[in-house]
Asks: 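Have a look at this one.
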Amino acid sequence: MSAELRRFRTILIILIGLISLSCNDYSSVLPQPGLYKIAVYVDNTPLEMYGFVGLQKTFKPAFLTPVASDPDVQGLSISIRDLQNKIRSTEIVYSKTTIETTGTRIVVPNLDSTLPEFTIPEDLPIGPYKILLKILGTGGVLSEKEIPFYYMADAQLTIKDIHSFPPGYKPSVSAPLFPPNMYLLLEVSIQSDIRLDPYLIWYEGNRILLEGRLAEGADRLLWKTPEAEGFQTIRVELYPEKPDSNKSAGIIPNVSTSLRLAVSKTAPIPGIDFAADNYSLWYHFLGTLDAETAEGVNAPSISKKSLSDIRWIPGDDSYGLAVGAAHQYIIDSPLLPPQDNQISTGSILLRFTPSVPDANGTVFFALFTNTNRIDEPLTLKLSMENGILKLKAGIGNESLQVPLISQKLEAKTFYNIEFEIKETEKALQFFTNKSAKPLLKIPLPENFSYSSSGIFGFGEPKTVAADTSTVAIIDPVSQDTAQNVLTPASPQTTVPPIIAIIDEFGIKF
């Protein structure tokens, strides 16, 4: 027999075999999982798209492809399991026959899309689970499918808008406008149940900016606008718990929200324009302690004098530096230069807000050294007393005070406080609103001689206390995203309260 005839005979045998198979129903001999399409619905929504399941919700299983003509399909088994694969509910078996089961058997006329609903146990703890679906046949399990979900019971977890402080130039819902290289404090609005341990992940595009627990302060992010102009989108994903294990990967669902903003060099810098009023130096406390200065003026640096980390807190329309007994900052310079051994005439401007109603404590202070009596410096303070802002001055046994604003200051509302200092006729006088009459006048001793020594400070030092609350600063150019994970706050003793939030500070001389 020639080689060509042998090849022809082989092909003919194969064809005859294929025709024979097509004339008989051998499809049920071997399981074909891809042929069994099944789903579970909650409120007419596929469970895969639902994610969170609340109290009193019902599950509805359904065959999406007919199986009535498949004699091998005998039933559907449903069970709920935890991430350790432990069964957490009684097995339910839908069948057309009396299939043996240790669970609950429900006899149905057809295995189709009209299967009865079922509920989950009322005492099921909050957490991640999976529904295991098994299509049962005469010879065993034909197909399996797992659908993850997160049981919330009656707990609430919602995420709303991302708020930007400052709000931006001509802010709009679509895209507020900001200049490049500016620090924004972003805060996301969250409602969460105390039984949950919410976890947040911040994104700029696909890049993770920060992740951490809500209890660690991850609902706030200090983010620097990029150098390049254009639109940016910041997105936050909120999880009911940290999705950190391999077992929970892809099982813990989330809710999310985003903020779209625009970066342009034409956008004005927010805050007070100190240059327009000829101020010598000024601080915009927007994510930095750096100072801007007029030409020829050196910029004295601010140093932190407490164990607490720098903390940035939002007010109504801006944010700023938190100050208090546990958040102390010092400028190792009196800022106002001497003039013939006297304090030169100058102005101080402070934009701040009380952090809480009826705040108490020192917001700002200055010490002017008396070179003839080092132990008796001239002390100047701006202090809150039950919500009233007072200007205090003292030297030696002399001490005077006067309210700067008669009514109580509202928490989270920023106020501009400006006053002028003049040393004349052996007295230090304080003026507001360029008034001819001094608001306060304190006599100076005959031996008072001022030289360029002393300090300015915020949050007068009283105690040294730890406060691990912080806001992460994210610089899109230099920050390593692998480091942007908040560490859990350590247990701590009572921390003195934050007194005020300082937004702007400036000196004119």
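Only a predicted model underlies this, so the values are computations on that prediction, with no experimental measurement involved.
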Asks: Short question: side chain of Ser355, backbone of Ile498 - any donor-acceptor pair under 3.5 Å?
Replies: yes
Asks: Dump the intermediate steps for side-chain contact (heavy atoms from CB on, under 4.5 Å) on Ile502 and Tyr283, then the final yes or no.
Replies: CA-CA 10 Å; Ile502 298 178; Tyr283 297 81; over 6 Å; no
Asks: Is a donor from one side chain sitting under 3.5 angstrom from an acceptor on the other, for Glu237 and Trp202?
Replies: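 Their side chains do not contain a donor-acceptor pair, so the 3.5 Å distance test is not met.
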Asks: Hey, is Asp82 close enough to Arg88 for a salt bridge, meaning N to O under 4.0 Å?
Replies: yes
Asks: Within a strict 4.5 Å, meaning less than it, do heavy atoms of the Pro497 and Val356 side chains meet?
Replies: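 No, their side chains stay 4.5 Å or more apart.
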Asks: Can you tell me how far apart CD (Glu376) and CG (Leu444) are? Round to the nearest 0.5 Å.
Replies: 11.5 Å
Asks: So, do Ile331 and Ser301 sit near enough that their side-chain heavy atoms are less than 4.5 Å apart?
Replies: no
Asks: Rounded to the nearest 0.5 Å, what's the gap from CD on Glu241 to CG on Asn254? Could you check?
Replies: 12.5 Å
Asks: Please find out if less than 6.0 Å separates the ring center of Phe364 from that of Phe505.
Replies: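 When the ring centroids of Phe364 and Phe505 are compared, they turn out to be within the sub-6.0 Å range.
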Asks: Is the number of heavy atoms from other residues, nucleotides or ligands under 6.0 Å of Lys160 NZ greater than 12?
Replies: no
Asks: Return the minimal non-hydrogen interatomic distance between Thr158 and Leu238, and the atom names on each side.
Replies: O-CD2, 3.9 Å
Asks: Is it true that Asp43 and Thr45 share a donor-acceptor pair across their side chains at a distance under 3.5 Å?
Replies: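 Distance-only check fails for Thr45 and Asp43.
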Asks: For the residue pair Ser189 and Asp161, confirm or rule out a side-chain donor-acceptor distance under 3.5 Å.
Replies: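 Their side chains do not contain a donor-acceptor pair, so the 3.5 Å distance test is not met.
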Asks: Please report whether the ring centroid of Phe368 lies less than 6.0 Å from that of Tyr450.
Replies: yes
Asks: Are Tyr319 and Phe285 close enough that their ring centers fall under 6.0 Å?
Replies: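 No.
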Asks: If you count the non-hydrogen atoms of other residues, nucleotides and ligands that lie under 6.0 Å from CD in Gln156, is the total more than 12?
Replies: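 Result for CD/Gln156: open.
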Asks: Is it true that, when you exclude Gln407 itself, more than 12 heavy atoms of the residues, nucleotides or ligands shown sit nearer than 6.0 Å to its CD?
Replies: yes
Asks: Could you go through Ile272 and Arg351, starting from their C-alpha distance and side-chain angles, then the distance that decides it, and tell me whether this counts as side-chain contact (heavy atoms from CB on, under 4.5 Å)?
Replies: CA-CA 9 Å; Ile272 301 171; Arg351 185 175 189 263; 3.9 Å; yes
Asks: Report the distance from atom CG of Leu185 to atom NE2 of His163, rounding to the nearest 0.5 Å.
Replies: 11.5 Å
Asks: Can you establish whether the number of heavy atoms outside Lys441 located under 6.0 Å from its atom NZ is more than 12?
Replies: no
Asks: List the steps, then state whether side-chain contact (heavy atoms from CB on, under 4.5 Å) holds for Arg260 with Gln232.
Replies: CA-CA 6 Å; Arg260 190 167 184 259; Gln232 301 288 331; over 6 Å; no
Asks: Could you tell me whether Arg311 and Asp309 make a salt bridge, using a distance below 4.0 angstrom between a side-chain N and a carboxylate O?
Replies: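 Looking at Asp309 together with Arg311, the answer is no, because their closest N to O distance does not fall below 4.0 Å.
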Asks: Side chain of Ser344, backbone of Pro337: donor and acceptor closer than 3.5 Å?
Replies: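 A pair under 3.5 Å: yes.
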Asks: Is it true that a side-chain atom of Ser164 and a backbone atom of Leu186 form a donor plus acceptor pair closer than 3.5 Å?
Replies: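 Answer holds: no.
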Asks: Could you tell me whether a side-chain N or O of Ser347 sits under 3.5 Å from a main-chain N or O of Glu420, the two making a donor and an acceptor?
Replies: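 Not confirmed, Ser347 side chain does not pair with Glu420 backbone.
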Asks: With side-chain contact (heavy atoms from CB on, under 4.5 Å) as the criterion, how do Met384 and Phe352 come out once you've worked through the C-alpha distance, each side chain's angles and the decisive distance to 0.1 Å?
Replies: CA-CA 12 Å; Met384 297 294 300; Phe352 86 105; 4.1 Å; yes
Asks: Taking the side chain as everything from C-beta on, heavy atoms only, tell me whether Phe419 gets closer than 4.5 Å to Leu380.
Replies: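 Yes; the side chains approach each other to less than 4.5 Å.
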Asks: Are side-chain heavy atoms of Thr257 and Arg235 found at a separation under 4.5 Å?
Replies: no
Asks: Is a side-chain donor-acceptor pair under 3.5 Å present for Glu385 with Asn360?
Replies: no
Asks: Looking at Asp375, I'd like to know if its CG atom is crowded, meaning that more than 12 non-hydrogen atoms belonging to other residues, nucleotides or ligands lie closer than 6.0 Å.
Replies: yes
Asks: Any side-chain to backbone donor/acceptor pair from Thr353 onto Gly315? Under 3.5 Å, distance only.
Replies: no
Asks: May I ask you to check whether Glu410 and Tyr415 show a side-chain donor-acceptor distance below 3.5 Å?
Replies: no
Asks: Any sub-3.5 Å donor-acceptor pair from Thr371's side-chain atoms to Ser449's backbone N or O?
Replies: yes
Asks: Can you see which heavy atom on Glu398 is nearest to which on Ile442, and at what distance?
Replies: O-CD1, 4.0 Å
Asks: Would you say that Leu47 contacts Ile131 through its side chain, given a criterion of any heavy-atom pair below 4.5 Å between the two side chains?
Replies: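 Side chain of Leu47 against side chain of Ile131, heavy atoms only: contact under 4.5 Å found.
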Asks: May I ask you to check if Arg81 and Tyr129 form a cation-pi contact, with NZ or CZ under 6.0 angstrom from the six-membered ring centre and within 45° of the axis?
Replies: no
Asks: So, taking the atom named CZ in Arg220 and the one named CG in Leu200, what distance separates them when rounded to the nearest 0.5 Å?
Replies: 12.5 Å
Asks: Closest approach of Pro166 and Phe178, non-hydrogen atoms and distance?
Replies: O-CE2, 3.3 Å
Asks: Answer yes or no: is there an ion pair linking Lys408 with Asp358, defined by an N-O contact shorter than 4.0 Å?
Replies: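 Asp358 and Lys408: salt-bridged.
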Asks: For a quick test of reading the model, state the closest non-hydrogen atom pair linking Ser453 to Thr369 and the distance between them.
Replies: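 Of all heavy-atom pairs spanning Ser453 and Thr369, the closest is OG-CB, 3.1 Å.
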Asks: If we ignore angles and hydrogens, is there a donor and acceptor under 3.5 Å between the side chains of Thr424 and Gln429?
Replies: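 Yes.
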Asks: Does any part of the side chain of Leu196, heavy atoms only, come nearer than 4.5 Å to the side chain of Met152, both counted from C-beta?
Replies: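 A side-chain contact exists here, since the closest heavy-atom pair is under 4.5 Å.
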Asks: Any donor-acceptor pair under 3.5 Å linking the side-chain atoms of Tyr199 with those of Glu211?
Replies: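 Yes.
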Asks: Could you give the distance from CG (Leu222) to CZ (Phe165), rounded to the nearest 0.5 Å?
Replies: 12.5 Å
Asks: Report yes or no: does Asp273 contribute a side-chain atom to a donor-acceptor pair with the main-chain N or O of Ala275 at less than 3.5 Å?
Replies: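 It does hold such a pair.
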Asks: Kindly indicate whether the side chain of Leu289, heavy atoms from C-beta on, has any atom under 4.5 Å from the side chain of Ile310.
Replies: yes
Asks: For the residue pair Thr225 and Pro179, what are the closest heavy atoms and their distance?
Replies: OG1-O, 2.8 Å
Asks: If we only count heavy atoms from C-beta on, is the Tyr329 to Ser303 side-chain gap below 4.5 Å?
Replies: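 No - every pair of side-chain heavy atoms lies 4.5 Å or more apart.
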Asks: Quick one: are the ring centres of Phe274 and Tyr279 less than 6.0 Å apart?
Replies: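 Centroid distance Phe274-Tyr279: below 6.0 Å, so yes.
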Asks: Show the nearest heavy-atom pair for residues Ala359 and Ile499, with the distance to one decimal.
Replies: CB-O, 3.9 Å
Asks: Salt-bridged, Asp154 to Arg195, with N to O below 4.0 Å?
Replies: yes
Asks: If I take atom CD1 from residue Ile162 and atom CG from residue Leu184, how far apart are they, to the nearest 0.5 angstrom?
Replies: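 Here the rounded value is 12.0 Å.
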